[in-house]
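Chain identifiers are assigned alphabetically (A, B, ...) following the order of the sequence lines, protein sequences preceding nucleic acid strands; residue numbering begins at 1 within each chain.
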Amino acid sequence: MVDIVGFVQANLPIFIKILLFPGLLFIFGFVIFAVWYQRKYLARIMLRMGPVHCGKRLGWLQLVADAMKLLTKELIIPRAANKIVFIVVTFLLPVIPAAMIAVIPFAPGYAIYPASGYSLLLFFAISTLFPVVGILRGWAANNKFTIIGAFRMIYLDIAGEIPVFLASTGVMIWAGTYDLQKIVELQRDMWFVFPQILGFIVFFIGFLGMIEKIPFDIPTAESELVYGPNTEYSGAMFLNMMLSDYANVLAWTLLMITLYFGGYNGPAIFPDPIVNGAFWIIVKLLIAISIIFTIMITYARLRIDQAIRMGWSYLLPLSLLNILLTIILKFFLFGGVA
Amino acid sequence: MSDMMVYRGNPFNEIEELGDGMFRLHMGPQHPISGQGRFIILTDGERVFDIEVDIGYSHRGTEKLLEHRTFIQGIVPVERMVMIDTANILMGYIGAVERILGVEPPPRANYIRTIVMEMNRIISHLYALGLLSESAAWNPAVFLWTTADREPFLDLLEMLTGARWSYSFFVPGGVRADIPRGFKERLLVTLDWFEKRIDVIEEAWIYNELFRMRTEGMGVISRQEAIEWGVAGPNLRASGVAYDTRKNEPYAAYGELDFKMVTHTAGDAYARGWARVEEMRVSVDIIRQAIENMPDGPVRVRVPQRAKPGEALFRVETSRGEMNVYIVSDGKDKPYRVKISPASFRNFLAIEMIPKTQTVLLADAPVLIYSFDPWFLDADR
């Protein structure tokens, strides 16, 4: 008989990481909070109240109520859809951002999978799967709106991912490592956003494209494509799609904080380094999503051709220029020291 | 119009392919932007080759209904044509009825009508701007801002007419009531506040770089095309045609007031949005002049029940453009025939014509459609 209790006890830290923080519970908690926060925050800007009924006063239980409603709804699968792919994709999609979060360090030595010095590369390697599975969900539904949305997603991801990767190459060169843990440690004195300001601008615009929020919510463009690739999904499958969307936002925002804003670094408020690191990374996360939501509400959506032109004609040359500047700065002015 | 009909297939077949990677996308009647109608878009995925506007989902037979009602009973069905713009729509019908009955409203009633119509124009333009912004993905932010800005005007109209919507305030021979005590002061305060709000809308939205990227140079109608296609209202003036029924054939108190006509030379979606913002400024100016120069006297005169046999035509500048109402009477207390030629119908034709003359992408289609401020209930009648 397998000794399950003994196995769990022997590997308790890794189980805590996977199940509690920064694993399952943290991701679910963030999604519930982010949806609530987005509703309240955008509502205030729109001169509305946002949810008020579920939960005592602030409507904080609204998403739980919505989730209950969606879980009890009928699962409608279109007659012309590829049923197996249609269902399997909904369970695959949230896994990809969760796997991306696994390489992010939340405190000194505290990551689910440190990837032995190649965590940044692993992050980008996993992130390339997201559009692949994404096009499957549009194709499987066999609907015009979903297929157009899926193709737009591919266009946008290619135009955004390359500048984002090249911009973070600047960080890699400046830090001299692929290891996110070491990159964070090197930012103890100065955040990389200051020496890498050009790279950060490129990264941030590409990042908005990767998380597919306004002004780059082109795949799900509501006024054109209803809900893009997600149009045909209902009930619990829709819930999974929503989860994957917000987990994707979480993963990319964590990467931005880790690369440019010092990751878990911050003044020592709590004696425990793990609590302290988690505290600072969550504070930075809240500020970052507030900025993302503000951008969502103050700008219009770009057209697909404008977004792609921005990616290939402006972001890509700028990210290459950033790599050149980084090399000049590092090896000729600072003598190769980060 | 003729070659457009070639593409019309089975309207109930959603997954019909046309070969060459072309397919037909049905936006509506259940679609975030469609309203009470349908846009059948021929596309290869991104490029739009043809837009066919499928109207008639909300046809209520208003013209036929009017034949079975007395002149004053006809007010209610006419008003329901455009709920957001009831006063201007109703003015067309009331004006035609007054012509066929041979009565002239008292001057004070004309001024009150002008105030109500211009407030209604502001409300309608705010709604149009909100929808245009939403079509370019402003979540509903600008839409809810403009909706909130309507509220003081709705309150004022409730104070004056007793209803926020569909006031049935104009009757043949004048208006139902005089302005109440305290209305003028409250109106002037609201106008001062609203002028500042127009600046805010302009700054947050009209000058927004991304909005300009989406709308400038998109859906251009030249001056000649605008005249040929019969585009109406602010859309016509945005193409540089100085035609406004309030100026060219004044009715109510417009002939006695001094106001400017808003024109733009670009003729694109941006110019159409800009023209609406500027027209709100002009409306504020008109309301100020009308409330200051209002003459004293009665607001309603007695009118005969029956009309003499004959016919009457009345043109009115609604928020969406010129509307013509034509009434034929055979001497009874009901009209023999009423023909209403609304502005939205002609604007829909322009939406159909634009993809034939220039490149329109799928993402442009909602912006293009809402830059015309279409109203299906208006076109359907």
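Within the 3.5 Å criterion, the main-chain N or O of A:T298 finds a donor-acceptor partner in the side chain of B:N208.
The salt bridge (charged side-chain N to carboxylate O under 4.0 Å, His left out) check on B:E46 picks up A:R152, with sequence neighbours excluded. Scored by the side chain to side chain donor-acceptor pair (under 3.5 Å) test, B:E151 finds B:R164 as partners (sequence neighbours excluded).
Environment of OH in A:Y41: crowded, with over 12 heavy atoms of neighbouring residues, nucleotides or ligands closer than 6.0 Å. Shown here is A:Y155, whose OH atom has no more than 12 heavy atoms of other residues, nucleotides or ligands within 6.0 Å. Heavy atoms from other residues, nucleotides or ligands lying under 6.0 Å from CH2 of B:W274 number more than 12. The 12-atom threshold is not exceeded at CD1 of A:I84, counting heavy atoms of other residues, nucleotides or ligands nearer than 6.0 Å. The local environment of CE in A:M49 is sparse, with at most 12 non-hydrogen atoms from other residues, nucleotides or ligands closer than 6.0 Å. The number of heavy-atom neighbours closer than 6.0 Å to NZ of A:K83, taken from other residues, nucleotides and ligands shown, is above 12.
Considering all non-hydrogen atoms of both residues, B:R214 and A:R301 come closest at NH1-O, 2.6 Å. Scanning all heavy atoms of the two residues, the minimum distance from A:A300 to B:A136 falls at CB-O, 3.2 Å. Contact detail for A:R303 and B:A363: the closest heavy-atom pair is CG-CB, 3.4 Å. A:L302 and B:M213 get closest at one heavy-atom pair: CD2-CE, 3.5 Å.
Summarising the geometry, atom CG belonging to B:D364 is positioned 12.5 Å from atom CD1 belonging to A:I304; distances are rounded to the nearest 0.5 Å. How far CG of B:L25 is from CD1 of A:I148: 5.0 Å, rounded to the nearest 0.5 Å. One finds the CD1 atom of A:I45 at 12.0 Å from the CG atom of B:L144 (value rounded to the nearest 0.5 Å). Taking OG1 of A:T231 as the reference point, atom NE2 of B:H31 lies at 8.5 Å (rounded to 0.5 Å).
Only the side chain of B:A148 comes within less than 4.5 Å of a heavy atom of chain A; its backbone N, CA, C and O stay farther away. With a 4.5 Å cut-off on non-hydrogen atoms, B:L361 touches chain A through its side chain but not through its backbone.
When side chains are defined from C-beta on, B:T147 does not count as touching A:L47, because their heavy atoms never get closer than 4.5 Å.
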